[in-house]
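Okay, so here's the structure we're looking at.
Convention: sequence-line order gives letters A, B, ...; per-chain numbering from 1.
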Amino acid sequence: MTIPILLQQKLTNALSQVLGATLPEDFKGLVTPSADLRFGDYQSNAAMMLAKRVKTNPRALAQQVVDAIGNDDVCSMEIAGPGFINFRINPGFFAVGVGEMLGDARLGVPFTESPKSIVIDFSAPNVAKPMHVGHIRSTIIGDSLARVARFVGHKVITDNHIGDWGTQFGMILWGWKNILDVSALEQNPIDELLRVYKDVNVQCKENPDLLPICKAELVKLQGGDEENLGIWKRCVDVSKSGLQKIYDRLDIHFDFWLGESHYNDALAPLVDEMIEKGMARESEGAICVFSDGSLPAQEDPFLVQEKGEWRANPCIVRKADGGFLYATTDLATLDFRTKNWDADSIWYVVGAPQALHFRQIFDVERRRGVTGDFRHIAFGSILGDDRRPFKTRSGETVSLQDVLDEAVERAGKVVEEKSPDMPQEEKDRVASIVGIGAVKFAELSQNRMTDYVFNWDKMLALQGDTAPYLQNSYVRVKSIFRKVEGEAQDWSLPLVLSDDAEIHLSRLLVRYGEVVPLVLDDCRPNILASYIFDLARAFHSFYEACPVLKSVGDVRRSRLALCELTSRVLKHGLGLMGIDVPDRM
RNA sequence: GGCUUCGUAGUUCAAUGGAUAGAACGAUCCUCUCCUAAAGGAUAGAUGCGGGUUCGAUUCCCGCCGAAGCCA
């Protein structure tokens, strides 16, 4: 049981006793971590909130509650300010907590009380175009959420919904037939495909007649033309293997790669069914879903206000020319995931600009009678220097591969500088772990909703609140254990904590079990990132202040135990963010 | 025009309605005869403007100002 839950129980019991009644249901989360250690480890504002109801003053009520809880070996209490009850955990109780965690493979992280079947849709790059920096957020955040959700006991299915049926194939097909360099394709298929795509793009801009020709190729493909299908299949295969290389570097794995093309056959029947049900109807040749009036106008994604008048903002599911849209595919995808995978919850880790789109399709899907907890986990845009979103096709996009290469290269220079004597093979491995880690941590340590300006130095920083700082704290622990190799350690003996740095490190260590589940409350990995950073900082301070190997007896044993647990929590917490750690650096 | 998101130190970011708003980078100082200095310690520096709700507002509500996005 985590400390806040324990304190919550004590508090709730005491409040019931004092008030002579059980607490109302809406009284939850009364015990929170204190923002400042001067106010103890945890605090409660219950007295201030309840004083008015029972017509007494907050400090008097707080005093009654404190008296009712009574003293024990867990914590001491004080009343402060306008009526806060501050709980200061006894160091001995932290020592017990650290001991328990050392015997627990889950490091104190509880399983969720309501395990769900969750499909997480993230990354989703387009075929025949390399991933660019714009894919970083979805890919890294989605992967981290999947890891956390799995660890707390949910059944997680990750699905890479690649764009393998988009309009870009019109250009690629024409390019394949007219300007493809076959030998280049054999040597480096991804680059050649990209070259072809870019080249045709330029040609289309120069020659307006070309675009309809490309479109005709697309229509042939969609009509099932065998030659075009064959080319398409090769493009998809080649692209997938190229993408897989990037995912391998990032240590990211998908359970499925069901792209847009997987849903082709489902689209027509789906639209017909909606017409039959009366949900969708024809408008100017297209088939649309309109507002059903079930929501107040302001919240209705199918209405938009213009000059004071509400007008329809339909969700188009079939164009006048018979073509289908993203919305149609997404509806079919929701169907598939709900029915075939028994998904309770489907999470889309997709940028904030898509917010309206998802509101619409989620609403349509509910009206079709498909229930589920559908969530759009939005994130802010990556901007260019001009503070405008990084756009594809501008020719200015930075490929994800370039970002990773640059990250590893920069890390390599630091390794060279700091550890010149390391064997080259190990230098390379450390550079890779540090570089990739830096990119991931830069992403995960930020609140996902904020936009940021793309900047090499920021994304690849190696000083301060960055992955290498965390990795280095792990390395420092490891260096201690290298010196005591062969020495038998018994982690089950009780710990003795006296130094402030030891106590503070313990205070953070025992919080791991309460922090991990918080990540999923609002799908925010930065909560975990921030905790791990605090932990690493506490460890560095401890490392400077408390010599481990030079100490003796219980003190030495206790400090070694703290080091052991710190290394486990660091490695595990970073693991939930998909960040690896080296043993030396 | 409507809707969404956002506005915090010089810069980049934090802060489930809580107390004296936290970090990092940058700046200025200290600390390696000591387990890895990719480190530790110290100093200076911020909530766009105006109302409201509340015991208490960076957070919730309203109105401005400004930024970005989405829908036409």
* Should the ring pair A:W456 and A:F454 be called parallel, tilted or perpendicular, given that the plane angle runs from 0 to 90° and is split at 30 and 60? -> perpendicular
Is the NZ or CZ atom of [X] both under 6.0 Å from the centre of the six-membered ring of [Y] and within 45° of that ring's axis?
X	Y	value
A:R375	A:Y348	no
A:K319	A:F324	no
A:R367	A:F290	no

Give a yes/no on whether any side-chain N or O of [X] is located under 4.0 angstrom from OP1 or OP2 of [N].
X	N	result
A:R524	B:A15	yes
A:N526	B:A15	yes
A:S445	B:C13	no

* Asked: Side chain of A:D36, base of B:A21: donor and acceptor closer than 3.5 Å?
  -> no
* Is a donor-acceptor contact shorter than 3.5 angstrom present between the side chain of A:E544 and the base of B:A37? -> no
With rounding to the closest Å, how many angstrom separate the [atom1] atoms on [N] and [M]?
N	M	atom1	value
B:A44	B:G10	C1'	12 Å
B:G7	B:U59	C1'	13 Å
B:U36	B:U28	P	31 Å

* So, do A:F362 and A:H376 have ring centers that fall under 6.0 Å from each other? -> no
* Dot-bracket encoding per residue of RNA chain B, Watson-Crick/G-U cut-off under 3.5 Å, | denoting interstrand -> (((((((..((((....[...)))).(((((.......)))))....(((((..]....)))))))))))).
* **First encountered from the 5' end of RNA chain B, between A:L356 and A:K550** => A:K550
* Asked: Which residue, A:M48 or A:A545, contacts RNA chain B at a nucleotide closer to its 5' end, judged by nearest heavy atom?
  -> A:M48
* Name the closest nucleotide to the A:P353 side chain, picking from B:A19, B:C70, B:G40. => B:C70
* Just call it for A:N447: base, sugar-phosphate, or nothing, with non-hydrogen atoms closer than 4.0 Å on any strand. => sugar-phosphate
* Asked: Could you give the CG-to-P distance, from A:N455 to B:C25, as a whole number of Å?
  -> 16 Å
